[in-house]
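Reckoned from all heavy atoms, side chains included, excluding hydrogens, waters and symmetry mates.
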Amino acid sequence: MSGGAHAAKGGKQGMHAKGKKHAAHDEEHENHERWLVSYADMMTLLMVLFIVLFAISQVDQKKFAELKNGLAVGFGSPSVAFDGGEASLMESSDSDSPMDMSSGIGGTTSDATAVQEAVAAKERASASAKQKAAQQEVANFEKIKSQIEESLKKDGLSDAVKFTVDERGLVVTVVTSAVVFDGGEAQLLSAGQEIMKGIGPAIAGLPNKIEVDGHTNQLAATTGAYPSGWELSSARASTVVRYLHSNAGIAENRLLAAGYADTKPLYPANDPRAASLNRRVEIIVLSSLPADTRALLPSASENS
């Protein structure tokens, strides 16, 4: 083979080797710069994110004014007072310019005040409704009281009971003197039965539950059947419950009895009235109102 042929062959091999080197170099360079594509994608996503954040930070003032009016009506107030009056509200609602939420709801302190006033109006309406419900309950109790008084008056027993209204409901207190129970005993005497006859019919037709509480005075029980005031007070309450069920026809699931011994006295032990007046049975017409409304019953009773 001639020298020229060898040179040509060598030249081709050299060019081939050089081409391989360039190709390998280009591939290596291309692999190193692929991160630019991911970086560009991330920057694009960040730009879109900030555009979205900026867009949602702007509120259409007209739509927001409509929302405020809807909230005001929902809170029980037909309109909401703003600085500048209703005309200012209409003017601002006609504008389509966005508002910056960073300055607070609606962008002004008057809007925040309006929301507070709407909430206060709602609370006042709720309090008024509770007060009316309590007054109506007291009116119902007054009807029951009148029926009991009228029935007892026929038998000359008007002074045998007294009435109060507390957060539980209507409390009919029967002083357990010798005409109702014998000392240390839990059997109703004839006079006690007459009192129950005057009370039972007035409360029999009610939907309310009836609680009977027995109370004794500070003097210790002296009979073997009732070694303490707990047994005696519970037995007397149970006797009244049994009578109301058997003779007045009050359903069992409406009745409950409790004995408190001398733990809830009306008068302190050193008061001359303690021995006679702390010894009592309370027949309570329990209110069915919610607890927060029942708490208003005493004041509603005083104002009736």
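The backbone N or O of Lys122 sits nowhere less than 3.5 Å from a side-chain atom of Ser126 that would complete a donor-acceptor pair. Within the 3.5 Å criterion, the main-chain N or O of Tyr243 finds no donor-acceptor partner in the side chain of Ser246. Listed for the Ser151 side chain is no donor-acceptor partner under 3.5 Å among the backbone atoms of Gln147. The backbone N or O of Arg279 lies less than 3.5 Å from no partner atom in the side chain of His215, so there is not a single donor-acceptor pair. In this structure a side-chain-to-backbone donor-acceptor pair under 3.5 Å is present from Asn208 to Leu286.
A 4.5 Å side-chain heavy-atom check between Leu296 and Leu289 finds every atom pair outside the cut-off. For the pair Asn217 and Tyr267, the minimum side-chain heavy-atom distance is 4.5 Å or more. Leu297 has its side chain within reach of Val138: a pair of non-hydrogen atoms, C-beta onward, lies under 4.5 Å apart. Contact of the Glu282 side chain with the Arg168 side chain is registered, since non-hydrogen atoms from C-beta on lie closer than 4.5 Å. The shortest side-chain heavy-atom distance between Met196 and Asn247 does not fall under the 4.5 Å cut-off. Residues Arg254 and Leu206 are in side-chain contact: their nearest non-hydrogen atoms beyond the backbone lie under 4.5 Å apart. By the 4.5 Å heavy-atom criterion applied to side chains, Phe163 and Val172 are counted as neighbours.
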Applying side chain to side chain contact (heavy atoms under 4.5 Å, CB included), run through Leu256 and Val241 and close with a yes or a no. CA-CA 7 Å; Leu256 56 146; Val241 163; over 6 Å; no

As a quick check of understanding, evaluate side chain to side chain contact (heavy atoms under 4.5 Å, CB included) for Val180 and Val281, giving each step before the final call. CA-CA 10 Å; Val180 180; Val281 170; over 6 Å; no

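Nearest heavy-atom pair, Gly200 versus Ala248, reported as atom, atom and distance to 0.1 Å: CA-CB, 3.8 Å. Here the closest heavy-atom approach between residue Ala261 and residue Ser233 is recorded as N-OG, 3.0 Å. The two residues Ala251 and His245 come nearest to each other via the heavy atoms C-ND1, 4.3 Å. The shortest heavy-atom contact between Gly214 and Ala237 is N-CB, 3.7 Å.
Other residues, nucleotides and ligands contribute over 12 non-hydrogen atoms within 6.0 Å of the CD atom of Gln193. Counting non-hydrogen atoms of neighbouring residues, nucleotides and ligands closer than 6.0 angstrom, the CG atom of Asp159 reaches no more than 12 such neighbours.
The structure places CG of Leu277 at 10.5 Å from OG1 of Thr173, a figure rounded to the nearest 0.5 Å. To the nearest 0.5 Å, atoms OG1 (Thr176) and CG (Asn278) are separated by 10.0 Å.
Between Lys209 and Glu211 there is no salt bridge, since no side-chain nitrogen of the basic residue lies less than 4.0 Å from a carboxylate oxygen of the acidic one. The pair Glu194-Lys197 meets the salt-bridge criterion, since a charged nitrogen lies less than 4.0 angstrom from a carboxylate oxygen.
For Ser128 and Gln131, the side-chain atoms include no donor-acceptor pair closer than 3.5 Å.
Grouping the Ile, Leu, Val, Met, Phe, Trp and Tyr side chains by contacts below 4.5 angstrom, directly or via other members, places Ile199 with Leu255.
Among the candidates Leu170, Val171, Ile203, the single residue satisfying the side chain to side chain contact (heavy atoms under 4.5 Å, CB included) test with Ile283 is Ile203.
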